[in-house]
Each structure stands twice: as structure tokens, then as C-alpha cells.
Amino acid sequence: MKFKAHKTMLAPPKYSGRWYADDGRRVQTVRRPFKKTLFVLSAITCFLAATLILMLDLRNNAELAEWWTTHIEAGLERLFGTLTGWIPFSVLEFFIVCLIGLGVFMYVRLIVNLGRKRFRAIAFGALSICTVAMYVLNMYVMTMAFAYYRAEMPIPQSDREYDGSQTVAVVRYFLDDYNKLADSLPRDKNGCVECPYTFSELAERIKIEYARLDGDYFNEYTPQAKPIVNSWLMSQMLITGITFLPTGEASVNTAAPPTSQTVTLAHELAHSKGVAREGDAELLARYILLTADDGYLRYCGYYAAFYNLLDALRLAGEDDAYIELGLSISPLVSAEQRYAYEYWNSQPNIIGQIAEFFNNWYLESNGAENGTGSYDDGNKSEIVIPTDPITGEPEKDPDTNEPIKIILYSQVQKMFFAIYEAKND
């Protein structure tokens with residue numbers, strides 16, 4: 001008796017489905033160990049989530065946050081910054097573009113898998129996304145989040161008490177320099193001061209200025225700042241720059257008004273020095289620019305901070321001097337401010353509001369109770385009038401019988417006073 005040989009075909013690995021031999025008989029399907037893969041991914045995700053929660057709790061310890069920022073974060077920043085520094089474009093922007101493309105691809109795959117009822121594939125894809133997201137969050141917390149909870153930033157601040165006439169002298173001193181620079185620097189067709197350097201040259205000059213910082217508080221390494229190719233999108237989101245230390249980069253919106261770009265570049269590099277809080281980064285950037293020998297950098301510092309110094313006159317009761325000196329600012333500065341105001345108001349408000357919402361949430365989650373208001377922390381000043389704890393009446397000066405007024409100058413104002421003292425004492 002002869003037996004007819006049957007041809008068989010081994011089934012290639014797949015998640016589900018049936019395979020058949022030539023004679024129509026079903027062949028056993030070889031399945032991938034899906035449950036094992038799912039278990040491994042779940043374990044990795046859970047481990048990363050537990051690590052993330054632990055680091056978020058540990059960062060609240062100021063001493064640990066200080067040590068972590070100056071050792072772990074500083075080391076990782078130097079490593080990643082050195083690697084990405086060889087790449088001429090923003091690696092962060094490249095990742096974002098890839099992420100958008102991947103998001104579109106995953107969405108199409110989801111629709112296809114839903115139509116074919118491939119629920120295992122959907123589960124695998126969702127868990128893979130969670131694993132990658134947890135990894136990125138862990139890298140972010142390791143390189144940036146601890147610095148929000150470290151000690152106060154050391155920056156020159158004057159403790160000297162200034163009366164009204166002394167305050168007027170300080171403001172006049174800086175106003176003369178501001179006007180001289182405003183009137184001498186070349187301007188473009190929009191009335192903005194032209195940057196005399198290419199972007200890379202400007203970034204290098206500000207890096208050199210940051211090298212003047214001493215002490216253990218500031219990270220020694222300063223990464224390379226890079227321009228954003230799709231700066232138009234950043235403008236629509238009302239974002240001028242971003243520092244992302246998992247790639248060791250500071251990226252700047254080059255579509256913004258020129259002077260704003262310089263101030264932003266200094267601000268973003270301040271973050272790379274271990275200064276995470278926005279108010280501190282604003283203050284440090286202004287200090288670096290205002291104390292530079294380069295006239296263009298100094299002008300940008302005045303542009304960002306001079307009006308806060310001018311407010312010191314009102315705190316000192318010098319209202320007439322406030323009006324006089326305020327009107328003495330070069331009209332060229334007003335023209336540049338007007339262009340910047342019109343530029344930012346021309347951007348889509350809805351996109352800016354969405355970006356503002358997420359930025360506010362991000363800052364609040366990192367300890368800034370006032371969210372995006374923390375950018376203005378260094379500008380806060382006030383007049384305190386002590387009151388009698390029993391009667392509640394204002395305490396009065398025994399010589400003049402006038403209510404006692406205690407002036408609490410802002411950090412920016414006290415910084416200006418300290419610069420003035422360093423140059424004139």
C-alpha cells in the first residue's frame with residue numbers, strides 16, 4: 001500500500017491566526033511568548049515608576065538636592081552635553097519631530113489593529129509607550145528636578161540702606177550707560193538693536209561670561225546653546241527658549257526679537273549652571289549681562305531689567321525723579337519695546353494659552369507655588385509699615401512723628417546697587 005506524502009509548511013511566528021498545509025489540513029500555529037513579553041515590559045515599567053516616585057520624594061531634602069545637583073546632575077549634563085555638542089542641530093528638536101511622526105504612525109496602527117481586533121498588539125504597543133515614557137521621566141528627574149529644591153542662589157546683593165538722593169544717583173549712573181549704548185548700537189528696520197555676532201559666536205561669548213562665576217554652587221560645565229529650526233512654532237507657543245539636560249542642550253527661538261534672543265540665551269544657560277528656579281535663572285542672566293564688558297550684552301541686560309531699577313525711585317519716595325528719569329530713557333528703546341509687544345501679540349493666542357497652561361502646571365509640580373509667576377520673583381519689592389501689636393496703629397518715627405516705612409527692595413534692585421558699589425567704591 002502506498003501512502004501519499006503530505007507537504008507541510010511551518011508557520012512563521014505571529015500573534016494569532018491560522019496556517020494550512022497544501023492539502024488543506026490545519027498546521028499548528030507557532031506563537032510568540034506574548035505573556036512573557038508582556039510580563040517583562042510590565043516589570044520594567046513598574047520598576048521605573050517606583051524609581052521615579054522615590055526620586056520625586058528624595059528631592060524635597062535640601063541637602064540631598066544640593067549634593068545631587070552638583071554631582072549627579074552636573075556629571076550627566078557634562079556627559080550628554082559633550083556627546084550632543086558634536087551635533088550641529090538641536091537633538092531635542094529632532095526627537096520632538098520624530099515623536100510627532102511616531103505619534104501619527106502609532107495612531108494609524110491603533111485604528112488598523114482595532115479594525116482587525118488585534119487587542120494583544122494594542123496592549124503591547126500601549127505598554128511599550130508607557131515604558132519609554134517612564135524612562136524619559138526618570139532621565140528628566142535625574143538631570144533637572146533636584147535643582148528646584150536646592151539652597152538659595154548666591155548672587156551679589158547690596159545690604160546698604162539707600163536714601164532718596166542716593167537712589168537717584170544710582171539710577172542716573174546706569175541710565176547714562178543705557179542711553180549711550182542705545183544711541184550708539186546699530187538697529188534694523190524694525191528699530192531693534194542688531195546683534196553683532198552670529199548665533200554660535202553669541203553663544204560662545206555668553207559661555208565665556210558664565211566662566212566668571214566662582215564657588216561650588218554653579219556647575220562648571222556650560223553646554224552649547226543651539227538655534228531652533230522650527231522657531232515659528234515656538235513663537236506661536238509664546239516660548240523663547242528651553243533647556244533640556246537629558247540631551248545636554250539649551251535651545252533658543254531665533255524668530256523672537258533680537259534682544260529677546262540674547263536675554264533668553266543667557267537665561268537658558270543659567271539653567272545649565274544648576275539654577276533651575278525661573279526667578280533665579282532670570283536674575284543670574286541679568287547679572288551676567290549687566291556686568292559684561294561687551295556693550296551689546298550690557299544693553300540687553302538693561303533692556304531686560306532697567307525698569308525694575310527705575311521703580312526703586314518710587315519706593316524711595318522720589319516720584320518726581322521717577323517721572324524725569326523715566327522720560328529720559330532713549331526713545332529708541334521705546335521703539336524696540338513697541339515692536340516686541342506687537343510681535344508677541346501677533347501670535348495665535350489659543351496656542352499660547354495651551355502652552356502657558358502646561359508650563360504653569362510644570363512649574364507648580366516642581367515646587368513653584370505661583371507657577372509661571374515665578375519668572376517675576378526677582379522683581380518683587382514692597383514697602384512695609386510696622387504696626388503696634390496691641391492697637392494695630394502704624395508705628396511712628398519718634399523724631400518726625402511720621403509712620404515708619406521699611407523698604408524691601410527687589411533682588412534685581414539690590415543687584416544693581418551691588419554692581420554700582422563694586423564699580424564706584
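- Counting heavy-atom neighbours within 6.0 Å of Lys180 NZ, excluding the residue itself, gives a total of 12 or less.
- Residue Phe218 comes nearest to Pro154 through the heavy atom pair CZ-O, 3.6 Å, listed as atom of the first residue, atom of the second, then distance.
- In the displayed structure, Tyr217 atom OH is contacted under 6.0 Å by more than 12 heavy atoms of other residues, nucleotides or ligands.
- In the displayed structure, Asn424 atom CG is contacted under 6.0 Å by more than 12 heavy atoms of other residues, nucleotides or ligands.
- Between Met144 and Pro246 there is a side-chain heavy-atom pair separated by less than 4.5 Å.
- Glu282 has a carboxylate O that lies under 4.0 Å from a charged side-chain N of Arg286, or vice versa, which qualifies the two as a salt bridge.
- Of the possible donor and acceptor atoms, none in the side chain of Asp280 sits under 3.5 Å from a partner among the backbone N and O of Val275.
- Using a 3.5 Å distance cut-off with no hydrogens or angles, the side chains of Ser381 and Ser410 do not pair a donor with an acceptor.
- Heavy-atom contacts from other residues, nucleotides or ligands closer than 6.0 Å to OH of Tyr362 number more than 12.
- A side chain to side chain donor-acceptor pair (under 3.5 Å) check over residues 81-90, counting only residues at least two apart or in different chains, returns the pairs Ser90-Ser251.
- When only modelled atom types and interatomic distance are considered, Glu93 and Asn230 share a side-chain donor-acceptor pair under 3.5 Å.
- A donor-acceptor pair shorter than 3.5 Å can be found between the side chains of Tyr302 and Asp177.
- Within a 6.0 Å radius of CZ in Arg187, more than 12 heavy atoms belonging to other residues, nucleotides or ligands are found.
- For Ser260 (side chain) and Ala256 (main-chain N/O), no donor-acceptor pair under 3.5 Å exists by modelled atom type.
- Between the side chains of Glu336 and Thr259, a donor-acceptor pair is found at a separation under 3.5 Å.
- For Asn253 and Ser235, the side-chain atoms include at least one donor-acceptor pair closer than 3.5 Å.
- When all heavy atoms of Gly301 and Leu290 are compared, the closest pair comes out as C-CD2, 3.5 Å.
- The minimum heavy-atom distance linking Arg277 with Met153 is given by the pair NH2-N, 4.1 Å.
- Closest approach of Tyr307 and Gln337 over heavy atoms only: CE1-NE2, 3.1 Å.
- A donor atom on one side chain and an acceptor atom on the other are not found under 3.5 Å apart for Tyr299 and Thr262.
- Remark: the Glu268 side chain and the Thr243 side chain contain an N/O donor-acceptor pair separated by less than 3.5 Å.
- Using cut-offs of 30° and 60° for the angle between ring planes, the Phe416 and Phe174 rings count as perpendicular.
- Between Tyr420 and Tyr162, the ring planes are perpendicular. Angles over 60° get that label, and only those under 30° would be called parallel.
- Side-chain atoms of Asn179 and Leu175, non-hydrogen and from C-beta on, do get closer than 4.5 Å to each other.
- Here the side chains of Glu249 and Pro223 are not in contact, with every heavy-atom distance at 4.5 Å or above.
- Side-chain contact of Asn366 with Arg59: a donor-acceptor pair under 3.5 Å is present, judged by distance alone.
- Looking at Gln166 and Glu161, their side chains never come closer than 4.5 Å, going by heavy atoms from C-beta outward.
- With no hydrogens or angles considered, no side-chain donor-acceptor pair links Arg150 and Thr70 at under 3.5 Å.
- Annotation: Asp293, atom CG; neighbour count of heavy atoms from other residues, nucleotides and ligands within 6.0 Å does not exceed 12.
- Atom CZ of Arg314 sits about 13.0 Å away from atom CD of Glu318, to the nearest 0.5 Å.
- A donor-acceptor contact shorter than 3.5 Å links the side chain of Tyr343 to the backbone of Ala255.
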For this session: Step by step, work out the side-chain hydrogen bond (donor to acceptor under 3.5 Å, both in side chains) result for Arg212 and Thr291.
Result: CA-CA 10 Å; Arg212 293 189 282 111; Thr291 55; 3.0 Å; yes
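- Counting only distance, with no hydrogens or angles, the side chain of Asp57 and the backbone of Ile53 share no donor-acceptor pair below 3.5 Å.
- A donor-acceptor contact under 3.5 angstrom links the side chains of Thr131 and Thr45, judged on distance only.
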For this session: Kindly indicate, with the supporting measurements, whether the criterion side-chain hydrogen bond (donor to acceptor under 3.5 Å, both in side chains) is fulfilled by Asp377 and Asn370.
Result: CA-CA 9 Å; Asp377 282 350; Asn370 53 344; 3.0 Å; yes
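- Other residues, nucleotides and ligands contribute at most 12 non-hydrogen atoms within 6.0 Å of the CD atom of Glu220.
- Nearest heavy atoms, Leu363 versus Ser374: CD1-OG, 3.9 Å.
- Val252 places none of its side-chain heavy atoms less than 4.5 Å from the side chain of Lys226.
- Judged by distance alone, the side chains of Tyr197 and Asp294 do bring a donor and an acceptor atom under 3.5 Å apart.
- Judged by distance alone, the side chain of Gln157 and the main-chain N or O of Gln411 form a donor-acceptor pair under 3.5 Å.
- In this model, no donor atom of one side chain and acceptor atom of the other lie less than 3.5 Å apart for Asn308 and Asp311.
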For this session: Mind running side-chain hydrogen bond (donor to acceptor under 3.5 Å, both in side chains) on Asp183 and Ser330 for me, showing each step along the way?
Result: CA-CA 7 Å; Asp183 295 337; Ser330 173; 2.9 Å; yes
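- Side-chain contact check for Ser128 versus Leu41: some heavy-atom pair is nearer than 4.5 Å.
- Judged by distance alone, with hydrogens and angles left aside, the side-chain atoms of Trp68 form no donor-acceptor pair with the main-chain N or O of Ala145 at under 3.5 Å.
- Within 6.0 Å of atom CG in Asp159, 12 or fewer heavy atoms from other residues, nucleotides or ligands are found, so the atom counts as exposed in its surroundings.
- A donor-acceptor pair is defined here as one N or O able to donate and one able to accept, closer than 3.5 Å; such a pair exists between the side chain of His71 and the backbone of Trp67.
- Taking 4.5 Å as the limit, some side-chain heavy atom of Leu52 sits within range of a side-chain heavy atom of Leu56.
- Contact of the Ser272 side chain with the Glu77 side chain is registered, since non-hydrogen atoms from C-beta on lie closer than 4.5 Å.
- Across all their heavy atoms, Tyr149 and Ser365 have their closest contact at OH-O, 3.8 Å.
- For the residue pair Glu356 and Asn360, no side-chain donor N or O sits within less than 3.5 Å of a side-chain acceptor on the partner.
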